[in-house]
Each structure stands twice: as C-alpha cells, then as structure tokens.
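Fair warning: this is a prediction, and the values are worked out from it, not measured in the lab. Values below: all heavy atoms of this structure, side chains included; hydrogens, waters and symmetry mates excluded.
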Amino acid sequence: MYFKQFFNEQLAQYSYLVGCQKTGEAIIIDPLRDITPYIEAAEQEGLRITHVTETHIHADFASGIREVINMGAQGFVSGHGGKDWTYQDIKAGIIHEEDVIKVGNVKLEVLHTPGHTPESISFLLYDNGMNVPMGLFTGDFIFVGDVGRPDLLEEAAGIKNTTETGAKQMFQSLKKVDKLPDFIQIWPGHGAGSVCGKSLGAVPMTTLGYERANSWAFQINEEQVFIKALTSEQPEPPYYFAEMKRINRDGVALMHHNIVTPVDEIKERAIDIRPKEVYAENLSDGINIPYNKKFLSFAGWYLDYQKPLQLVGDFETVQKAAHDLKMIGFDKVTTYVDTVNGKSYKTIDPESFKQLDREKINILDVRTNKEWNESHFKEAVHIHFGKLLKKSVPFNKNEKIYVHCQSGVRSAIAMSILEQQGFTNLININGGYQAIK
C-alpha cells in the first residue's frame, strides 16, 4: 500500500493519497482545489487516481473533489446530510454507514461520525484483505488533542439551533469508536492553526489510544458537561466560512491558473500583502494583510465574493497570494499594484504607553474574545479585528486612538482598515498587549 499525507500551511489542512501498488489504483481523501500535488505524487509512484472522496462539506477551504471527478475518477460523498446539507451538482456515488470503497486491495469502510456537521463521515482503512483496520481518516471528527467544533453551521452558515444538536452528536460519535482498538492510527483533517477546533495539536497524526489517554474530549463521560466544554471558547470563524459551505455544497468553477497583471493605481477593494513594517512606512489604500502562513485566515474576514479584488505587492508574491485565495474559492483577483507612494502611521513602544494615563486616552483592543476574556485593559473598547468593516468604532475620527492586539500583527491590519475609514490620529502599540504586560 502507498500512503502519503499532504499539509497546506495556509489552511492547516491535511489531505491524503492512498494507493494499491499491485493494481496501480489510488484514492484522494479531502483534496484541495489545486489537485496538482496529488497528480504529481501519483505519477511518481506509477499510480492512477481512480477514486476520490471527502469526509464532509468543508467550511474553511474549497474542495477539489469535483476537479478530481472531472479528470475521470469515481467520486464518493456522504449521504447523511439531510435536505440542507446534501451535495448538489456533483457526479458522485452516495455512501452511508458501513459502505465500503475498494481501491485495488485497499478498502475504506464508512463510519457516520456527525457532530462537526450532520453529514460528517470517517473512513476505516484496511490493507490487502486484512480484517483488522490500520487507521481512521477522521476529517474534522477527531483531531490531535481535540475534536471538531459543532457550531459552524450556526455561527458561519446561519442555521439556527444546530450547535447543541451537533455537540450531542459529537458525544455519541466518540462513543461509536469505543469498539476500535488503541493501536488505530488517527489521520485528521486539520492541525494546529485551524479554527475548526480550539486546541488542535501540531503533530500530524496520532493513535486512538493516545487520544483516549490524553485528549480532553475522551475524559468527559457526562453528556451535558461535554456539550458545555465543547461549545465554549471556540475561536471566531472568519466570515468566508459561510461562503465555503455554500460553494462546497453547490459547486464551484474548475480552477484556472491565470497570471495577475499589474496596473498603475488601486481602483477596487485591495489587500496589501507587503510586510506590516513596509506598509507602516508607506501606506496604500489596501487592507494590510502580509503574505505569510496566516494570510488566508486573516484575508477571509474581508473578502466579498461578488466583487473584484486588487493586491498590492511584488509580482511573485502576488501570484502566490492569488493562487492561495483560489484555495478558498475566491477567483476575483483582477490586477495588482507594485509601487506605492503613501504616508506612514504612528507607533508607540510599550514602555512609553505604560506612562500614559489610560483613563484619559482612547484604547481599541482588536484581539479575539478569548484573549479579551482572559485579560484586558478595563478602559479599552473591544472589537475583533476581523469585524472592523462591519462594526461601528465608537470614537470620533479625529480623536487620538491607541490600537493593540496581542503581539502587534492584527493591530497592523486594524490600522489599515481604520485608515481607510477616515480615522486620522491612530497610533499602533508595538508588540501589543503581550509586550505591555
């Protein structure tokens, strides 16, 4: 058997290629929209991608299952979603609990493991006719050190009263794997950095026995206690998650690899992908979201899927950023600007900020709810950085405002948004709350 795990750092997402080396057949599990890496890996091993499947309708990235089906593979999707979460416009087989997908001498047995979403399924992997399973592809069911959050249908997709139902289903799904042996390997759909859970580990795989001994989710035997623990302190999902649910359910155009071309000026909504230090000294009319491993999770707060977007940055970085945006189904990057001649914004070091009388100044805290609840300045106003385009900032636009996050990254994003909104006297606190405390 051939086995390969793929990791996308931007999305903290795992996908898998499993093949039967005897027959030359292979299956992809939870593919991204750009299927090039899977094709290249299969060709290197002399395998043909004959099958494709996924564990659920994803909320955080655009699935590549339709891309793989389009190249001739046989697709399989869950039939457990009900009328609201049934795949539309897809040429794939519908699978349920205990169904089996055979790929040469490799076998995948379906387990219905709802909780994260109603249609979520996992796959027990058997190799070469063995009766004992090797491992479990869990998608967003079991992670390393955590389990999938049940609130995304309500929080991101707006389907009311689904969070508690999902949490109850997750509790029962965990009971379902009680019969499986400790040695079963767990191959999750996400790792540390994903907001599909609240405490995902960075290790790429684990075992069921290790999770039983160490994961908080396996230590709680009372359903109501579990529900409360699972639904509390989940990170805020970026606004684009709602769009992903629709795209992955209803379908998205096949991916194209076009080149983004330069223009002289910004005429559309723009994202400035230059480092925050560069942006601070030379402001553009774009939202400053530096191109790094957090780019998609931050940019996803500000995308309008119905409108074009421009980027600000150098040619090579712009092409990478535009490609990555396609991984979350955003195809409307039109042009880019590589030269900016703008003003700078003000900063203050933590020691100087400490000398100020906080009762006499305006402070805007743009951290997450969890960070705010753990500790904050009582004089501060709290607005999550991702929500600044949609929420009113309760200061006059000519007042001096000190802006901070935890370490200085997200406050730079906030500064760029507030600049666009006409605030004229902003000061970014270098190093953020962490440096001040």
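- No donor-acceptor pair closer than 3.5 Å links the side chain of E281 to the backbone N or O of S344.
- In this structure, E268 contributes its side chain and T334 its backbone to no donor-acceptor pair below 3.5 Å.
- The CD atom of E119 lies 6.0 Å from the OH atom of Y87; values are rounded to the nearest 0.5 Å.
- Annotation: side chain of K346 is in contact with side chain of I427 (closest heavy-atom distance under 4.5 Å).
- The aromatic ring centroids of F377 and H404 lie less than 6.0 Å from each other.
- Looking at heavy atoms from C-beta onward, L325 lies in side-chain contact with F295 at the 4.5 angstrom threshold.
- For K228, the NZ atom sits in a loose shell: 12 or fewer heavy atoms of surrounding residues, nucleotides or ligands are nearer than 6.0 Å.
- If you take CD1 on I28 and OG1 on T53, they are separated by 11.0 Å, rounding to the nearest 0.5 Å.
- In summary, the side chains of N292 and K276 do not present any donor paired with an acceptor at a separation below 3.5 Å, with no hydrogens or angles considered.
- Rounding to the nearest 0.5 Å places CD of E211 at 11.0 Å from CG of D182.
- Crowding of D324 atom CG: a count of heavy atoms from other residues, nucleotides or ligands under 6.0 Å exceeding 12.
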Would you check, one step at a time, whether the test side chain to side chain contact (heavy atoms under 4.5 Å, CB included) holds for I328 with L11? CA-CA 9 Å; I328 57 173; L11 297 162; 3.9 Å; yes
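- Using a 4.5 Å cut-off on side-chain heavy atoms (C-beta onward), V52 and Y38 make no contact.
- There is no side-chain donor-acceptor pair under 3.5 Å between T163 and T231.
- In this structure, the ring of H56 has its center less than 6.0 angstrom from the ring center of H116.
- No more than 12 heavy atoms of other residues, nucleotides or ligands sit less than 6.0 Å from atom CG of D264.
- Of the possible donor and acceptor atoms, one in the side chain of D357 sits under 3.5 Å from a partner among the backbone N and O of E359.
- In this structure a side-chain-to-backbone donor-acceptor pair under 3.5 Å is present from T424 to K397.
- Between F3 and Y16, the angle of the ring planes lies from 30° to 60°, which puts this pair in the tilted group.
- The ring-ring contact (aromatic ring centres under 6.0 Å, His included) with Y305 is formed by just one residue from the set Y239, F330, F241; it is F330.
- Atom CD1 in I186 sits 8.5 Å away from atom CZ in R212 (nearest 0.5 Å).
- Here the side chain of E236 pairs a donor or acceptor atom with the backbone of N369 at under 3.5 angstrom.
- A cation-pi contact, defined as under 6.0 Å to the ring centre and within 45° of the axis, is absent between K390 and W301.
- Side-chain contact check for C196 versus H58: every heavy-atom pair is 4.5 Å or farther apart.
- The backbone N or O of D285 sits nowhere less than 3.5 Å from a side-chain atom of D272 that would complete a donor-acceptor pair.
- Considering every non-hydrogen atom in both V340 and N282, the closest pair reads O-ND2, 2.7 Å.
- We find that E374 and R367 are not joined by a salt bridge, their nearest charged nitrogen and carboxylate oxygen being 4.0 Å or further apart.
- In this structure a side-chain-to-backbone donor-acceptor pair under 3.5 Å is missing from E154 to D151.
- The backbone N or O of Y210 lies less than 3.5 Å from a partner atom in the side chain of T207, making a donor-acceptor pair.
- With 3.5 Å as the limit, one finds a donor-acceptor pair spanning the side chains of T335 and Q310.
- Under a 3.5 Å cut-off, the side chain of Q13 and the backbone N or O of E9 do not form any donor-acceptor pair.
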For K175 and D178: C-alpha separation, side-chain torsions, deciding distance, then whether side chain to side chain contact (heavy atoms under 4.5 Å, CB included) applies. CA-CA 5 Å; K175 298 298 182 186; D178 280 349; 3.9 Å; yes
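- Counting heavy atoms of neighbouring residues, nucleotides and ligands inside a 6.0 Å radius, atom NZ of K294 does not exceed 12 of them.
- At least one side-chain heavy atom of L283 sits under 4.5 Å from a side-chain heavy atom of Y345.
- With a 4.5 Å cut-off on side-chain heavy atoms, W216 and F226 count as touching.
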Show your reasoning for whether side chain to side chain contact (heavy atoms under 4.5 Å, CB included) applies to V260 and Q319. CA-CA 6 Å; V260 184; Q319 307 310 317; 3.7 Å; yes
Trace of the salt bridge (charged side-chain N to carboxylate O under 4.0 Å, His left out) decision for E54 with R66: CA-CA 11 Å; E54 61 182 10; R66 290 174 176 85; 5.8 Å; no
Between S63 and N248, does a side-chain hydrogen bond (donor to acceptor under 3.5 Å, both in side chains) hold up when you go through it step by step? CA-CA 6 Å; S63 169; N248 286 325; 4.7 Å; no
Stepwise side chain to side chain contact (heavy atoms under 4.5 Å, CB included) check, Q5 with M205: CA-CA 10 Å; Q5 181 187 63; M205 59 183 66; 4.2 Å; yes
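- Between F298 and F385, the ring-plane angle classifies as perpendicular under the 30° and 60° cut-offs.
- Smallest separation of non-hydrogen atoms from D60 and Y240: O-OH, 2.7 Å.
- Atoms CG and CZ, from D30 and F6 in turn, are 12.5 Å apart once rounded to the nearest 0.5 Å.
- Looking at K307 and R269, their side chains never come closer than 4.5 Å, going by heavy atoms from C-beta outward.
- Within a 6.0 Å sphere centred on NZ of K400, other residues, nucleotides and ligands contribute 12 heavy atoms or fewer.
- Pairing each heavy atom of A12 with each of S194, the nearest pair is CB-N, 3.6 Å.
- Considering only heavy atoms from C-beta on, S375 comes within 4.5 Å of Y433 through its side chain.
- When all heavy atoms of A435 and P350 are compared, the pair lying nearest together is CB-CG, 3.5 Å.
- Under a 3.5 Å cut-off, the side chain of E371 and the backbone N or O of T368 do form a donor-acceptor pair.
- In this structure, A299 and I271 approach most closely via the heavy-atom pair CB-CD1, 4.1 Å.
- Listed here is the closest heavy atom pair of S416 and G286: CB-O, 3.8 Å.
- Between the CD1 atom of I436 and the CD atom of Q406 there is a distance of 9.5 Å, given to the nearest 0.5 Å.
- Within 6.0 Å of NZ in K387 there are more than 12 heavy atoms belonging to other residues, nucleotides or ligands.
- Counting heavy-atom neighbours within 6.0 Å of Q88 CD, excluding the residue itself, gives a total above 12.
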